[in-house]
Amino acid sequence: MCQYLEGDKGKMTTTTFYGEMPDLTATAARIAALEISPVEVTTAALGTLDQLEPLLNAYITVLSEDALVAAREAEREISTGTYRGPLHGMPLSVKDLFATKGIRTTAGSRALKDYIPDENAAVVDRLAASGAVLLGKTNMLEFAYASVHPDYGPTRNPWNLSKSTSGSSGGAAASTAAGIDSGSFGTDTGGSIRIPASFCGVVGLKPSYGLISRAGVQALSWTLDHVGPFARTVRDIALLLEAVVGYDPRDRQSADVSVPVYQRALTERLDGVRIGLVANFLDGNVDSEIRMAITQAVTVFQDAGASVEECQIPALEQPALDAEIGILLPEASYCHRDLFDRHQADYSATVLERLQAGNAVSAVSYVAALESRERLRQAIREVQSNFDVLIMPTTPMVATPLEQTTLEVGEAEEDLGALIRMTAPFDVTGQPALSMLCGFSQSGLPIGLQIVGRDFEDALVLRTGHAYQLRTDWHRRRPSFASE
């Protein structure tokens, strides 16, 4: 197995807390003001989880008892004047490939169905230090790689239960969209944060490469893997990001850079911000409703004071997809070499086939893909010298049918390429990329807008998204759990 290693003081006011989880920022403010308690918030979250989980299948492991213990401790600390910050007492979840000490971590596979780590992943430790309450471990594609293992089954989309959440972090996106938790953490190697965020109508951030430690995370591709948060607002993303960023020597790609207070970067206006609209990602292969939503979003950014200009970046098309697959296949097979030898029969057919395909990639092809990555990084930096952020759709289609959660090798290569066409390039190049809701299709499914910034300018990406949300109300809508 390959992991990334090396308020006022006084008594709480007793209130009743009902229904779906409000935004993190609003709930945190009420907890800090002693208007509600972490126990009430967590109890409500667990109640929503119990009600919706049979519909969604968003969790692999639910930690009801542990969550209530943590909530009581948070309540005791806050009541006695020890307040750790806005995540203190807030119910969150993590994808089931983050190591959790003493709690099984399956990575969505039968091969790890009984694996219980001795340590937490870095992100889990940092969330614990912030006082967050861990509700559970969310469902995912097996090893974040192409398909759902039949032992766990797919996560259903809260906006339409016959539709997919897609991506390997689908459980995290669905849980947040459904109002079960206040936010969640997933991973993104080819779009596995941003695509589920787009399909489920929430905010998902793939941060700059190296900004968040991957120590203790089940690895898929050390060159492409990113860890990032889900939430319902950009402001909430800023709070989650602040809790977990920072250099970690246990992750050899961890970036030793100064990080801002992301909340302070959020402003109402975008005066002077130069936005590049990537026109080659608005071609005829993109649903017309998505093209219209992106065009309408442009006027919102202009109203906020930004200038918007079209640009073409052909290098982000087939060359980026070729580099993504050329790096991912052999690195994933290398990461699984030991576990694969011992548990080959426990892998689903699709993941087994992909790992076998990776074993067949030559060293020359792998090195060529790495060199292509460097050329792509240079190409995108040259374009970004003229723009502060880039905008485009997150996906060329809205949520697909549930059975398309599994993408078989060979027969669905075109479907896979289409799905990750607009997200994978930025896993290859490493810039921060945010997906957020910018409208709905006529069938009532969310449409995702993607905002991409320069290296380690995550704060400007969040600022841009926040200004958009201040002028729109898409993010305030909640799913109705419809089905066809």
Side-chain angles (χ1 to χ4, degrees), residues 20-21 24 27 38-74 87 89-109 112-117 120-121 123-128 130-142 144 148-149 151-156 158 165 167-187 192-193 196 200 202 204 216-218 227-232 240 243-244:
E20 141 190 314
M21 188 62 55
L24 189 158
T27 305
V39 174
E40 292 167 329
V41 174
T42 300
T43 300
L46 289 170
T48 305
L49 193 159
D50 288 343
Q51 178 184 9
L52 299 182
E53 178 60 9
L55 298 174
L56 297 176
N57 192 34
Y59 283 79
I60 290 177
T61 300
V62 177
L63 302 171
S64 301
E65 293 183 6
D66 291 350
L68 288 172
V69 169
R72 293 185 190 104
E73 176 62 15
L87 298 191
M90 296 300 302
L92 306 176
S93 62
V94 297
K95 185 176 179 177
D96 199 28
L97 47 54
F98 289 83
T100 42
K101 183 178 180 180
I103 299 168
R104 72 170 182 159
T105 301
T106 71
S109 177
L112 294 179
K113 64 183 177 64
D114 298 319
Y115 172 55
I116 299 179
N120 286 329
V123 164
V124 175
D125 271 338
R126 290 180 179 182
L127 291 176
S130 73
V133 174
L134 184 62
L135 284 184
K137 313 288 292 294
T138 55
N139 200 0
M140 56 180 288
L141 301 188
E142 184 182 14
V148 169
H149 195 287
D151 286 3
Y152 304 103
T155 297
R156 298 173 183 86
T165 57
S168 68
S169 305
S175 179
T176 300
I180 294 172
D181 56 40
S182 301
S184 190
F185 280 84
T187 58
S192 288
I193 289 173
C200 293
V202 294
V217 174
Q218 176 67 41
V227 167
F230 292 92
R232 289 189 290 281
L240 293 167
V244 299

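On a predicted model such as this, the values are computed, not experimentally measured, just so you know.
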Chemist: Would a distance-only check, ignoring hydrogens and angles, find a side-chain to backbone donor-acceptor pair under 3.5 Å from Arg72 to Val39?
Modeler: no
Chemist: Under 3.5 Å, is there a donor on one side chain and an acceptor on the other for Thr100 and Thr105?
Modeler: yes
Chemist: With the side chain counted from C-beta on, respond yes when Val148 and Thr155 share a heavy-atom pair under 4.5 Å apart, and no when they do not.
Modeler: no
Chemist: With rounding to the nearest 0.5 angstrom, report the CD1 to NZ distance, Ile60 to Lys113.
Modeler: 13.5 Å
Chemist: Search all heavy atoms of Leu68 against all heavy atoms of Thr43 and return the closest pair with its distance.
Modeler: CD2-OG1, 3.7 Å
Chemist: Which pair of non-hydrogen atoms, one from Ala173 and one from Phe230, has the smallest distance, and what is that distance?
Modeler: CB-CE2, 3.7 Å
Chemist: Does the Glu53 side chain pair with the main chain of Ala58, one donor and one acceptor, at a distance under 3.5 Å?
Modeler: yes
Chemist: Can you check whether Val227 reaches Val123 side chain to side chain, under 4.5 Å on heavy atoms?
Modeler: yes
Chemist: Rounded to the nearest 0.5 Å, what's the gap from OG1 on Thr187 to NZ on Lys95? Could you check?
Modeler: 2.5 Å
Chemist: Identify the two heavy atoms, one from Cys200 and one from Pro158, that lie closest to each other, and give their separation to 0.1 Å.
Modeler: SG-CD, 4.1 Å
Chemist: Roughly how far, to the nearest 0.5 Å, is the NE2 atom of His149 from the CG atom of Leu112?
Modeler: 10.5 Å
Chemist: Hey, does the side chain of Ser192 reach the backbone of Ser168 with a donor-acceptor pair shorter than 3.5 angstrom?
Modeler: yes
Chemist: Residues in side chain to side chain contact (heavy atoms under 4.5 Å, CB included) with Leu63, at least two apart?
Modeler: Thr61, Asp66, Ile103, Leu134
Chemist: Locate the shortest heavy-atom distance separating Leu92 from Ala132; write the atom from each residue and the value.
Modeler: CD1-CB, 3.6 Å
Chemist: Under 3.5 Å, is there a donor-acceptor pair between the side chain of Glu142 and the main chain of Ala107?
Modeler: no
Chemist: List the atom of Phe98, the atom of Phe185, and the distance in Å for their closest heavy-atom pair.
Modeler: CE1-O, 3.7 Å
Chemist: Would you check if Lys101 and Pro117 make a side-chain contact, meaning some heavy-atom pair closer than 4.5 Å?
Modeler: no
Chemist: Please list, chain by chain and in numerical order, all residues satisfying salt bridge (charged side-chain N to carboxylate O under 4.0 Å, His left out) with Asp151, sequence neighbours excluded.
Modeler: Arg110
Chemist: With side chains defined as the heavy atoms from C-beta onward, is the minimum distance between Tyr152 and Asn57 less than 4.5 Å?
Modeler: no
Chemist: My understanding is that only residues two or more places apart in sequence, or in another chain, count here; which of them pass side chain to side chain donor-acceptor pair (under 3.5 Å) with Asn120?
Modeler: Asp125
Chemist: Report the distance from atom OG1 of Thr106 to atom NZ of Lys137, rounding to the nearest 0.5 Å.
Modeler: 7.5 Å
Chemist: Who passes side chain to side chain contact (heavy atoms under 4.5 Å, CB included) against Gln51, sequence neighbours left out?
Modeler: none
Chemist: List the residues meeting side chain to side chain contact (heavy atoms under 4.5 Å, CB included) with Ile116, not counting sequence neighbours, and say none if there are none.
Modeler: Arg104
Chemist: For the residue pair Asp181 and Ser175, what are the closest heavy atoms and their distance?
Modeler: OD2-OG, 2.7 Å
Chemist: Just to verify, what does Ser184 make a side chain to side chain donor-acceptor pair (under 3.5 Å) with, not counting sequence neighbours?
Modeler: Ser93
Chemist: Rounded at 0.5 Å granularity, tell me how far CG in Leu87 sits from OG1 in Thr27.
Modeler: 11.5 Å
